[in-house]
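Report on one structure; see the data block that follows.
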Amino acid sequence: MSRIIFWLALVFLVIFAIRSKIREAQKRHQQQFRQQQPPQQPAPSPSPQARSRSQAANDAEVMLQCAHCGIFYPASETVQANGRDYCSAAHAALPSA
Ligand SMILES: [Zn+2]
């Protein structure tokens with residue numbers, strides 16, 4: 001009878017040891033997963049910031065002053081006429097003062 005109890009206790013101990021090892025492996029796997037995740041999550045986040053920075057750089061492009069009305073406008077929207085820069089084709093068509 002004592003042998004049966006001994007074997008039962010041994011089996012329980014083995015099962016408990018295996019379960020604890022499985023839990024440790026799962027915890028390690030989750031920790032590795034969590035450690036691998038943070039570098040992946042910040043990676044996409046800097047890109048919008050870089051995009052906003054690049055957009056800010058694009059927004060801060062060269063500004064030109066209209067030869068007719070005097071307003072400042074982006075150089076990409078310039079209308080050149082008679083060697084002068086205008087904000088619009090309408091102002092470029094008007095006779096310069
Ligand atoms: Zn103008």
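Order of appearance sets the numbers: ligands from 1, and atoms from 1 within every ligand.
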Any residue meeting side-chain hydrogen bond (donor to acceptor under 3.5 Å, both in side chains) with Q80, in chain and number order, not counting sequence neighbours
D85
Looking at A89 and V79, what are the two nearest heavy atoms and their distance?
N-CG2, 3.8 Å
Nearest 0.5 angstrom please: R84 CZ to H91 NE2, how far?
14.0 Å
Testing the basics here: between A81 and A92, what is the closest heavy-atom pair and its distance to 0.1 Å?
CB-CB, 3.9 Å
Is there a continuous path of hydrophobic side-chain contacts, each under 4.5 Å between heavy atoms, that joins V14 to I5?
no
State yes or no: do Y73 and V62 share one hydrophobic cluster built from I, L, V, M, F, W and Y residues joined by side-chain heavy-atom distances below 4.5 Å, directly or via other members?
yes
How many protein atoms of type N/O/S are positioned less than 2.8 Å from the Zn ion (ligand 1)?
4
